[in-house]
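Here is the structure we will look at.
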Amino acid sequence: MLDIRFVRANPDTVRSDLQKRNDPKKLAWVDEVLSKDARSRELKVQTDELRRRRNVISREINEARKAGKDTTSLLAEAASLPQKIKDNDAEQEEIASTVRAYLMRLPNILDESVPQGKDDNENVELKRVGTPRTFDFELKNHGQLAAENGWADFERATKCSGAGFYFLKGSLALLDLALQRFAIDLLAKKGFTPVIPPFMINRSSYEGVTDLDDFEKVMYKIDGDDAYLIATSEHPIGAMYQDEIFEEKDLPLRLAGISPCFRREIGSHGLDTKGLFRVHQFSKVEQFVFCTPEDSWKIHEELLANAEEIFMALGLPYHVVNICTGDIGTVAAKKYDIEVWMPRENAYKEVVSCSNCTAYQAVRLNIKVRAKDDFESKRYIHTLNSTAIATSRAMRAILENFQEKDGTVVIPPVLRQYMNDRELL
RNA sequence: GCUGAGGUAGUCUAGCGGUAAGGCGCAGGCCUGGAAAGCCUGUGGUGCGAAAGUGCCUCGGGGGUUCAAUUCCCCCCCUCAGCGCCA
């Protein structure tokens with residue numbers, strides 16, 4: 001969420017950002033937030049004065065009693081105060097919660113380098129890496145291939161868990177683990193600490209890290225408990241340090257989250273998305289960084305480079321796109337996607353999402369950093385996150401790009417050490 | 001799930017109707033050739049103010065009693081210990 005102090009000080013920045021996003025509804029909120037916030041502070045001044053008076057009278061009553069003086073007039077004034085205070089508090093509380101509700105829904109301020117555009121068709125390609133292979137036979141779609149080879153069982157998963165779930169078996173179960181292990185080892189060499197987080201978190205922590213509108217659409221709620229299945233390890237890892245203050249020397253903090261991810265919404269189905277591409281559950285290794293505001297743009301590039309290194313090493317052709325204003329969502333100030341070449345569809349498809357959330361999550365989570373030489377100064381930190389590998393989508397890419405005519409699939413050499421040195425699935 | 005003990009500022013600990021005391025840590029200052037030690041000041045949130053300042057809030061959370069609640073009453077949450085169940 002945006003810091004109310006930021007909105008007060010920079011209303012024009014907030015307005016022009018919402019114009020860039022073409023969001024007239026939220027644009028109208030800005031003035032309402034500002035006027036309600038002003039009224040709220042005005043009320044606070046009044047109420048604080050009433051409280052001050054009450055405190056003074058209480059002390060005077062105490063002293064008068066000790067001195068054996070009459071207190072009836074003091075008691076009369078004191079009796080009139082609580083109701084006024086209560087009324088003011090009620091009004092202020094109502095205003096404050098409205099302001100907060102708007103603030104929670106106002107999006108992050110976009111970086112200037114974010115391209116303007118209506119939707120994902122207007123994302124800007126930044127570069128292409130690798131050359132798509134040409135096939136002299138007809139590719140099987142990845143789900144069919146996996147099922148035929150006994151590497152996955154979609155039908156039985158549907159029977160016991162519903163559509164969008166899968167059993168991974170044999171080679172693909174091992175490939176899932178190999179991909180995770182490969183990504184973890186690569187990130188560990190770059191200073192990331194592997195972290196396996198809780199797979200459920202409570203509502204208030206969730207509100208700190210995600211877009212509120214995602215709640216009903218995306219998250220699975222555990223019935224009867226204040227618990228949600230995580231949609232990505234980004235969420236518990238972000239919430240991990242809520243209400244804490246970092247020392248500058250402890251930043252940047254680089255963590256590699258390892259977890260299954262659970263998502264209710266999986267969107268449309270088609271032959272190519274059916275198997276492993278759009279699913280309710282998948283494994284992911286995630287890069288997450290807490291850093292100072294000065295470092296975040298440099299680290300954003302670093303996270304992208306790490307993710308690219310993984311796909312390059314796997315030998316998968318990909319391109320990088322700069323996500324445009326119409327597609328970026330509320331939390332990120334800037335987002336890159338890596339899309340990998342899917343030869344059956346003849347298209348690049350999303351496999352990595354790399355975001356600089358600047359202070360947006362930190363404000364909600366109340367995470368700050370204190371400089372060593374300036375004890376008084378506390379600033380909100382910046383958070384960043386990027387996929388390292390989402391195994392379901394990477395497996396689809398491998399099943400398509402490295403498929404042979406006889407239905408075998410070549411294991412990328414970098415994964416073989418994690419697959420008992422096998423060359424084929 | 002049961003029983004018991006707890007929840008006080010970054011942390012540890014006191015206070016048990018009169019408006020949060022102290023230790024440690026941390027930051028700044030004094031002292032010093034430099035350091036340590038010692039001493040002094042500060043240490044959460046929020047508002048008003050150009051500033052100097054100044055006010056309000058904060059004792060797990062929410063209600064209640066009272067002129068006044070960390071303290072008394074009610075409800076809830078969490079942590080720890082023991083027991084039970086258990087991969």
Side-chain angles (χ1 to χ4, degrees), chain A residues 1-9 33-100 102-104 196 198-208 221-228 236 239-251 253 259-260 290 292 359 362-381:
Chain A
M1 111 179 143
L2 296 177
D3 186 354
I4 182 65
R5 280 163 295 198
F6 177 85
V7 181
R8 262 180 227 153
V33 164
L34 288 170
S35 69
K36 287 212 148 100
D37 171 59
R39 172 66 186 149
S40 163
R41 277 177 294 150
E42 191 180 287
L43 271 172
K44 181 168 165 53
V45 170
Q46 280 177 25
T47 316
D48 279 359
E49 173 56 25
L50 290 171
R51 284 189 219 275
R52 191 194 62 77
R53 184 69 197 141
R54 186 193 58 190
N55 291 343
V56 167
I57 292 175
S58 286
R59 255 169 257 145
E60 283 172 2
I61 288 171
N62 187 32
E63 278 159 31
R65 285 227 171 123
K66 278 186 197 153
K69 291 188 205 149
D70 179 50
T71 58
T72 45
S73 67
L74 286 170
L75 284 170
E77 189 186 349
S80 70
L81 292 174
Q83 192 56 46
K84 286 184 197 161
I85 292 174
K86 214 171 182 176
D87 292 345
N88 273 16
D89 276 348
E91 188 184 346
Q92 203 194 343
E93 177 57 36
E94 197 193 321
I95 292 171
S97 72
T98 310
V99 168
R100 187 173 166 78
Y102 282 135
L103 283 178
M104 289 288 273
I196 297 177
F199 299 159
M200 295 182 220
I201 61 174
N202 61 33
R203 172 115 198 181
S204 76
S205 298
Y206 236 126
E207 288 184 350
K221 164 110 176 73
I222 303 296
D223 194 27
D225 283 285
D226 179 16
Y228 293 79
M240 187 176 181
Y241 288 95
Q242 63 190 106
D243 297 316
E244 296 198 29
I245 299 171
F246 282 99
E247 302 278 340
E248 222 165 63
K249 68 176 166 56
D250 296 325
L251 297 178
L253 178 62
S259 82
F290 297 92
T292 60
V363 171
R364 279 194 202 170
L365 290 167
N366 190 29
I367 305 176
K368 295 179 179 173
V369 58
R370 176 161 51 208
K372 181 79 177 166
D373 56 357
D374 186 359
F375 192 68
E376 295 299 316
S377 84
K378 280 177 275 266
R379 300 175 298 153
Y380 287 111
I381 56 142

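No hydrogens, no waters, no symmetry mates; every other heavy atom, side chains included, goes into these values. Proteins get letters first, then strands, A, B, ... in listed order; numbering begins at 1 in each.
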[N] to [M] separation - [atom1] atoms, rounded to the nearest Å:
{"N": "G17(B)", "M": "U70(B)", "atom1": "P", "result": "13 Å"}
{"N": "U58(B)", "M": "G7(B)", "atom1": "C1'", "result": "15 Å"}
{"N": "U54(B)", "M": "G62(B)", "atom1": "P", "result": "29 Å"}
{"N": "C59(B)", "M": "U11(B)", "atom1": "P", "result": "15 Å"}
{"N": "G10(B)", "M": "A21(B)", "atom1": "P", "result": "16 Å"}
{"N": "C24(B)", "M": "C74(B)", "atom1": "P", "result": "39 Å"}
{"N": "G23(B)", "M": "C72(B)", "atom1": "P", "result": "27 Å"}
{"N": "U43(B)", "M": "G22(B)", "atom1": "C1'", "result": "15 Å"}

What are the two closest heavy atoms between I85(A) and R54(A), and how far apart are they?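 So the two residues come closest at CD1-NH1, 4.1 Å.
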Grab the two heavy atoms, one from I95(A) and one from R39(A), that are nearest each other, plus how far apart they are.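 It is CD1-CG, 3.5 Å.
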Whether F246(A) and Y241(A) hold their rings parallel, tilted or perpendicular, with breakpoints at 30° and 60°: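 Ring orientation, 0 to 90° scale: tilted.
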If you define the side chain from C-beta out and look only at heavy atoms, does anything of [X] sit under 4.5 Å from [Y]?
{"X": "R53(A)", "Y": "E77(A)", "result": "yes"}
{"X": "I4(A)", "Y": "V363(A)", "result": "no"}
{"X": "V369(A)", "Y": "Y380(A)", "result": "no"}
{"X": "V7(A)", "Y": "L34(A)", "result": "yes"}
{"X": "M1(A)", "Y": "R100(A)", "result": "yes"}
{"X": "D37(A)", "Y": "R41(A)", "result": "yes"}
{"X": "D89(A)", "Y": "R51(A)", "result": "yes"}

Can you measure [X] atom [atom1] to [N] atom [atom2] for me and round it to whole angstrom units?
{"X": "E247(A)", "N": "G10(B)", "atom1": "CD", "atom2": "C1'", "answer": "10 Å"}
{"X": "I245(A)", "N": "G45(B)", "atom1": "CD1", "atom2": "C1'", "answer": "11 Å"}
{"X": "Q92(A)", "N": "G47(B)", "atom1": "CD", "atom2": "P", "answer": "10 Å"}
{"X": "R100(A)", "N": "U46(B)", "atom1": "CZ", "atom2": "C1'", "answer": "15 Å"}
{"X": "I95(A)", "N": "U46(B)", "atom1": "CD1", "atom2": "P", "answer": "19 Å"}
{"X": "E244(A)", "N": "G45(B)", "atom1": "CD", "atom2": "C1'", "answer": "17 Å"}
{"X": "E93(A)", "N": "G47(B)", "atom1": "CD", "atom2": "P", "answer": "15 Å"}
{"X": "R39(A)", "N": "G47(B)", "atom1": "CZ", "atom2": "P", "answer": "16 Å"}

Dump every N/O contact between nucleotides 48-51 of chain B and the protein below 3.5 Å, one line per pair.
residue : atom : partner : partner atom : Å
C48(B)  : OP1  : R41(A)  : NH1          : 2.7

Given RNA chain B, 5'-ward residue of the pair I57(A) and N62(A), judged by closest heavy atom: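 Here N62(A) is the residue nearer the 5' end.
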Relative to the 5' end of RNA chain B, which residue comes earlier, A78(A) or K368(A), by the nucleotide with the nearest heavy atom?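 Nearest nucleotide further toward 5': that of K368(A).
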Would you say R5(A) places a side-chain N or O within less than 4.0 Å of OP1 or OP2 belonging to U46(B)?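 Yes, within the criterion.
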For the atom pair OG (S40(A)) and CD (E93(A)), what is the distance rounded to the nearest 0.5 Å?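 Those atoms lie 9.5 Å apart.
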Report the C-alpha distance between E248(A) and T292(A) in whole Å, list the side-chain angles of each, state the deciding distance to 0.1 Å, and finish with yes or no for side-chain hydrogen bond (donor to acceptor under 3.5 Å, both in side chains). CA-CA 7 Å; E248(A) 222 165 63; T292(A) 60; over 6 Å; no
RNA chain B in dot-bracket, Watson-Crick or G-U pairs under 3.5 Å, [ ] crossing, | other strand? (((((((..(((.....[...)))((((((.......))))))(((((....)))))..(((((..]....))))))))))))....
Using a 4.0 Å heavy-atom cut-off, write out nucleotides 54-66 of chain B from 5' to 3' as B (base contacted by protein), S (sugar-phosphate only) or - (no contact). -BBS------S--
Does the pair R52(A)/D48(A) count as a salt bridge with the N-to-O cut at 4.0 Å?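 D48(A) and R52(A): not salt-bridged.
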